[in-house]
Amino acid sequence: MRILLLIIWFTLKVHYVQGEPGILKTKYFDTDIKDFATKEYCIGYSSFETPLPKLAKEPEFRPLLDRTDTDLCKTPSNAAQLKGTLVAVLRGNCTFVNKGLIAQKAGANGTIVVTDSAVIAPSMNESVKIPVVLLTAEDHRDIIRKAGDNKLVQGVLYNPEVPQIDWNLLVIWLMAVGTIAIGGYWCGVTAYRQAKLQRKRERATAVQASGIQQSTCNSDSSEEEDVTEEEEESVTITPVIVLIWVCMIFAVLLLLFFFYDYVVYVVITLYCIGACNGMHQCLAPIGRKIIPWKQRLPPNKVPFLSTRPTIVSVILALGSIAFVACWFVYRHEDFAWILLDTLGICFCISILRLIRLKNFKTCFLLLGLLFIYDIFFVFITPLFTKDGKSVMVEVATGGDGAKEQIPVLLVVPRLSHSAFSVCNMYSMLGFGDILVPGLLVGYCHTFDFKVQSRKIYFISSCIAYGVGLVITFVALALMQTGQPALLYLVPCTVLTVLMIAAIRGEVAHLWHGQVKSDHHVL
């Protein structure tokens, strides 16, 4: 199950902000405060044919006319009412161009098309000179509700300047770097402890005197229990497994692209399972430190409890399940990104602890293949798709009109005011952009123990990852399009580690993962 989840997480590795949004700013009389109040709503529009002003100036407010009794597919009998207004109409079956031309001929300043589906950019042409925008039916009902009995609401359409760099990128950077640092550190420590215990078991087996053997076993019992009781055995990845992984990742991405509306629910289900397990794995060591109570459940035949886990472990498992259930219930709310990111960080840390690469050769193969995979599905696939869109971007964002989004991403809303923040659009970083370089960081920390290098490889790889992520964000700001993060992360991390190994004369040892020394730790 863990391997299947890992394949899905590796499938998505894109940092991307979707949509072509604008803002409808409304002004109405609030009876509670006895004064005029304003509220902003998300709209979709075509910026190429009808660009919106950057500022919402007071003289540009126009009366908002509610004509959702018609779809404006033909000229209404009372067309004179539309003059000088922003007219709200139903979607209907005619084109947006037709609606815009009718409203334009009647003297309207803009057309707001109310839709029950997702807000997208309507298709327009140069013949329509007034803005035609889409507004959700839910937001329209909220406007009518705030208008009250007097039905007087004014509005203005605008799209403020979007800052090239938003502070939410700093939040993503801190989460991503912190995750690989913690996960990589835990991976190395776990490998060290397991290797240390393995050597002690081998020595104990070789000792024939029972008294000495018993003493050794007793001294190691508590340490061995800490390693094996709550922690699963690490999975060592070989080059053959890497090749199989990449093929499966390719297949999963194509399944998501062609059958997104169905496969997305499978992914959400698997995510809930993996996130619950990941949170429990992260909380278990903390729980054992805070509550050093090793009392176990009594003998039973209950599924999942027949192994008699500790009571503390059961409590943490129930808490993890409750947290995941909370995210699932409220996943469409504005605050759900906090829950999603918390679960995502826990999951990534648990995976980095679990998965161990055998040597740098395996690391190089994995990162190299996924480096090519990332570039191909972000930059090359638009040349083959009908609408010229990236397969990776379409899967990561769900595409236009998607009701559900694949949750294998770290997401943070825009913190500066813009149409992106009003429309609750997020900056995203796929789990693969954390896990793929994170596996290299974990190997580096393991190798540090082997050569007793005082964590030089671990620290250098973490810094290189942080720098690579900054370069990714700069490229995103300059190109204003989704970037394959591994394009920048792989060279930064791999070249940095190789450079350190070359300086220390340990390239061969790093490549094969073996140190021919009598004093190495692992």
Side-chain angles (χ1 to χ4, degrees), residues 18-28 38-137 139-140 143-144 147 151-162 387-388 400-401 417-420 422-423 425 480:
Q18 62 170 329
E20 192 172 6
I23 299 175
L24 166 62
K25 185 174 184 178
T26 60
K27 182 172 64 174
Y28 60 94
T38 61
K39 185 173 181 179
E40 295 182 331
Y41 300 91
C42 174
I43 58 172
Y45 79 105
S46 177
S47 60
F48 296 103
E49 285 79 15
T50 53
L52 297 179
K54 299 297 183 182
L55 299 175
K57 299 179 180 179
E58 186 68 27
E60 295 178 356
F61 277 86
R62 295 290 182 267
L64 191 61
L65 178 64
D66 182 25
R67 287 303 309 270
T68 50
D69 56 336
T70 178
D71 54 16
L72 207 64
C73 288
K74 59 182 181 179
T75 304
S77 57
N78 52 355
Q81 292 182 347
L82 276 60
K83 186 175 182 179
T85 68
L86 297 176
V87 55
V89 299
L90 293 177
R91 172 64 185 90
N93 295 320
C94 58
T95 65
F96 294 109
V97 173
N98 187 39
K99 297 177 188 293
L101 289 174
I102 292 175
Q104 179 176 285
K105 186 177 180 180
N109 287 77
T111 305
I112 301 172
V113 181
V114 180
T115 176
D116 288 319
S117 58
V119 170
I120 60 175
S123 299
M124 303 299 297
N125 61 36
E126 296 178 354
S127 62
V128 181
K129 306 300 181 183
I130 63 173
V132 177
V133 304
L134 261 67
L135 178 75
T136 65
D139 285 345
H140 176 259
I143 293 173
I144 298 301
K151 304 295 182 184
L152 295 177
V153 179
Q154 291 183 316
V156 61
L157 302 172
Y158 79 111
N159 187 8
E161 195 72 40
V162 179
D387 50 6
D400 296 334
H417 179 263
S418 67
F420 290 104
V422 174
C423 294
M425 291 185 174
Q480 291 297 308

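The figures here come from the full heavy-atom set of this structure, side chains too, leaving out hydrogens, waters and symmetry mates.
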**Message:** side-chain contact (heavy atoms from CB on, under 4.5 Å), that's the test. Do Lys25 and Phe61 meet it? Break it down for me.
**Reply:** CA-CA 9 Å; Lys25 185 174 184 178; Phe61 277 86; 4.1 Å; yes
**Request:** May I have the step-by-step check of side-chain contact (heavy atoms from CB on, under 4.5 Å) for Asp139 and Leu24, ending in yes or no?
**Result:** CA-CA 10 Å; Asp139 285 345; Leu24 166 62; over 6 Å; no
**Request:** Give the C-alpha distance, both sets of side-chain angles, the deciding distance and a yes or no for side-chain contact (heavy atoms from CB on, under 4.5 Å) between Phe96 and Leu134.
**Result:** CA-CA 10 Å; Phe96 294 109; Leu134 261 67; 3.3 Å; yes
**Request:** Show the numbers, then the answer: is there a side-chain contact (heavy atoms from CB on, under 4.5 Å) between Asp71 and Val89?
**Result:** CA-CA 5 Å; Asp71 54 16; Val89 299; 5.8 Å; no
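In terms of heavy atoms, Val132 sits closest to Gly100 at CG2-CA, 3.7 Å. When all heavy atoms of Cys73 and Asn98 are compared, the pair lying nearest together is O-ND2, 3.0 Å. Pairing each heavy atom of Val422 with each of His417, the nearest pair is CG2-NE2, 4.1 Å. Here the shortest heavy-atom pairing between Thr68 and Val114 reads CG2-CG2, 3.9 Å. Residues Leu86 and Gly155 approach most closely at CD1-O, 3.3 Å, considering heavy atoms. Heavy-atom minimum distance, Pro51 versus Tyr45: CA-CE1, 4.4 Å.
With contacts defined as side-chain heavy-atom distances shorter than 4.5 Å, the pair Arg62/Thr85 does not qualify. Under the 4.5 Å side-chain criterion, counting only non-hydrogen atoms from C-beta, Pro76 is in contact with Ile102. At a threshold of 4.5 Å between non-hydrogen side-chain atoms, the residues His140 and Asp66 count as touching. Considering only heavy atoms from C-beta on, Pro131 comes within 4.5 Å of Leu157 through its side chain. Taking the side chain as every heavy atom from C-beta outward, Lys99 and Leu101 never approach each other to under 4.5 Å. You'll find the side chain of Leu135 reaches within 4.5 Å of the side chain of Ile143, heavy atoms only.
In terms of the side chain to side chain donor-acceptor pair (under 3.5 Å) criterion, Ser418 has no residue partners (sequence neighbours excluded).
Between the CD1 atom in Ile130 and the OG1 atom in Thr111 there is a gap of 4.0 Å [rounded to 0.5 Å]. To the nearest 0.5 Å, atoms CZ (Arg91) and CG (Asp116) are separated by 11.5 Å. For the atom pair CD of Gln154 and CG of Leu152, the computed distance is 8.5 Å after rounding to the nearest 0.5 Å. Here CG of Leu65 is found 11.5 Å from CG of Asn109. Values are rounded to the nearest 0.5 Å. To the nearest 0.5 Å, the span separating OH on Tyr158 from CG on Leu52 amounts to 11.0 Å.
Counting heavy atoms of neighbouring residues, nucleotides and ligands inside a 6.0 Å radius, atom CG of Asn93 does not exceed 12 of them. Within a 6.0 Å sphere centred on NZ of Lys74, heavy atoms belonging to other residues, nucleotides or ligands number 12 at most.
Looking at Gln104, its side chain does come within 3.5 Å of a backbone N or O of Lys129 through a donor-acceptor pair.
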